[in-house]
Q: 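Quick one: structure below, then a few questions.
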Amino acid sequence: MSSQLAIQFTLFVFTLSTQASPTASRATLPTVLTDGSERRAPQAHDSGTLSTNNVTAIRFFNAERATRELKSVMTKYANAGKFLSGIGLNPDTHPEKGYPEFHAPNKSTFSQTTSSAGMVSLTSSNTTADGSNQGIIHVTPVARQPGTLQMPLTDWISDSMDILYYGAMNFGQKQTVLQIDVDTGSADLWVPVNCKRCTNASYLPDRKGNYQSTGKKCTVTYGTGRVSGIVSQDTVGIGNTAVANQTFCAVTKVSNDLDDEPVSGLLGLAFGSIAQASNDSTFFENLLESKALAASVFSVCFGCYDPTKAMGPITWNNLESRTYWSITMNGLSVNDTQHQTKLTAAIDTGTSLIYVPAEVADAFYDLIPGSSATVQYGGGFYSFPCDTKLTVSLMFGGQSYAIHPADFNIGKIDDDSGDCIGGIISLGDGFPNNLVIVGDEFLKSWYSVYDYSGRVGFAPSINNR
Ligand SMILES: *[C@@H]1O[C@H](CO)[C@@H](O)[C@H](O)[C@H]1NC(C)=O
Ligand SMILES: *[C@@H]1O[C@H](CO)[C@@H](O)[C@H](O)[C@H]1NC(C)=O
Ligand SMILES: *[C@@H]1O[C@H](CO)[C@@H](O)[C@H](O)[C@H]1NC(C)=O
Ligand SMILES: *[C@@H]1O[C@H](CO)[C@@H](O)[C@H](O)[C@H]1NC(C)=O
Ligand SMILES: *[C@@H]1O[C@H](CO)[C@@H](O)[C@H](O)[C@H]1NC(C)=O
Ligand SMILES: *[C@@H]1O[C@H](CO)[C@@H](O)[C@H](O)[C@H]1NC(C)=O
Ligand SMILES: *[C@@H]1O[C@H](CO)[C@@H](O)[C@H](O)[C@H]1NC(C)=O
């Protein structure tokens, strides 16, 4: 099921801002619309028996979806150990050179209440973290500023998980529009080209256009399968801003597990150093290189559109390496009890949940009374009593970042059980024992800003209102 939300992805002067939807489970979250109207966030979509309008309903854990994501995370990060230790990387061209240091705009600049055409309208609930901003907040779309570009995204929710966030990109001089998954956890762009066996739309380059094939083969692992094709170049853009010769994998073979997804291809927003198919600069890097943007930053906010991004200031974390958006994680906590350990976290919009090494998962769930590792889903998942009240946080730079409880709880085991599955999943053997993948479950609570100068920032998202 797809929820057509007001989501925006803004490669802009200051930030590229992805406004994706709140989670299916957080039915009362604010929804942002770009058309000036108001709308409530979608209600929980669960595996069938509960009303989608019942905001108090507990959704059920969808084992099939969750185990599929666990498998795909294992595949996606198969080379992570190598990359994070600096092996097999493409050269880093530092496309951010020459850009000024990024300063977040002040909130007061944006929290306008005047309504007029082109203003973004945001419905909010009555309770806000800072006790203000009741009702509707109107904010000026930042993407209208020069050097910005905006990619409205849709949150694809299926089986009560936010599976992916996608938006329109255009290909070729005729600007063929295709729907593309947006992923900060990988660095290749791939799109089907003349793909007869693909379920979804593919790009048919114009013979008179700029499309060029290098003849080199490319393969990208995606989901639990893979796509393969030929490394190619063409004009690729968002709106009217384009990169003239963008390298991408022109895919002619797509594995079946993509068939039910509403996208044709994928845009990787990690560093080109880890591009595995094209071995070339990413779309965002090429925008920087061509000085198309006013700042070397993009940002991602789930479920909101507030150019202040947040209900508080941005806290920055320096990158450990320019590969994934990788930062140091100091541990996890339940309420005020911490499990401290030094980890590397990859901040990944393309992953729904949070994945940690097995020992870390054990130590973390030890902090939750009544929790235990479940065996019935093939390993990796833990249950805890559904009625447990807890604040689960991730720690970066000595600061705790709480996850909205409704996002940590990924569903009740079944009708007869009082146990729910936790959204922190254990990664199996063979996986780097210090790597954490931080997906949308966390990013829905924390507005994230990705700065090419080498840092990731988090600010409390207006989702938490
Ligand atoms: C909503 O779900 C809860 C919990 O399952 C149930 O007790 C309640 O009756 C439901 N309300 C409606 C209006 O369906
Ligand atoms: C934000 O406000 C502070 C204090 O008023 C000011 O010093 C700073 O320059 C402002 N920042 C921006 C980006 O406008
Ligand atoms: C906010 O509270 C007022 C008064 O209690 C109520 O009438 C209104 O419907 C509430 N608005 C929302 C968005 O919940
Ligand atoms: C793109 O590639 C074509 C063919 O190599 C070349 O003629 C053209 O100048 C390139 N455009 C840019 C902007 O680099
Ligand atoms: C992709 O294919 C799926 C399954 O057939 C369909 O539901 C979806 O609308 C298609 N999306 C696009 C953008 O073509
Ligand atoms: C990209 O680099 C990898 C590792 O160096 C290599 O195996 C692969 O063939 C390269 N791909 C292309 C298209 O050049
Ligand atoms: C966490 O704190 C809440 C509120 O104080 C309390 O009700 C709950 O029992 C605590 N949970 C755990 C696991 O300590």
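Order of listing sets the numbers, starting from 1, for every ligand and every atom in it. What's counted below: heavy atoms across the whole structure, side chains too, no hydrogens, waters or symmetry copies.
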Q: Can you pull out the closest protein heavy atom to atom 4 (C) of ligand 4? Residue, atom name and distance to 0.1 Å, please.
A: Gln212 NE2, 3.3 Å

Q: Side-chain contact, heavy-atom cut-off 4.5 Å: Val360 with Leu343?
A: yes

Q: For atom 11 (N) of ligand 4, which of the options Asn245, Thr235, Asp234, Asn210 provides the nearest non-hydrogen atom?
A: Asn245

Q: Measure the acute angle between the ring planes of Phe442 and Tyr401, then classify it against the limits of 30° and 60° as parallel, tilted or perpendicular.
A: perpendicular

Q: Using a 4.0 Å cut-off to any heavy atom of Ala244, which atoms of ligand 4 qualify?
A: 13 (C)

Q: When the ring centroid of Tyr365 is compared with that of Phe384, is the distance short of 6.0 Å?
A: no

Q: If the cut-off is 4.0 Å to any non-hydrogen atom of Pro369, which atoms of ligand 7 fall inside it?
A: 13 (C)

Q: Would you say Gln233 touches ligand 4, if touching means a heavy atom closer than 4.0 Å?
A: no

Q: What protein heavy atom is closest to atom 9 (O) of ligand 7, reported as residue, atom name and distance in Å?
A: Lys389 O, 4.0 Å

Q: Would you call the rings of Phe248 and Tyr211 parallel, tilted or perpendicular, taking 30° and 60° as the class edges?
A: tilted

Q: Taking N or O atoms only and a 3.5 Å limit, does Asn335 qualify as a polar contact for ligand 7?
A: yes

Q: Go through the side-chain N and O atoms of Ser186 and Asp183 and say whether any donor and acceptor fall under 3.5 Å apart.
A: yes

Q: In terms of relative ring orientation, are Tyr452 and Phe284 parallel, tilted or perpendicular, with 30° and 60° separating the classes?
A: tilted

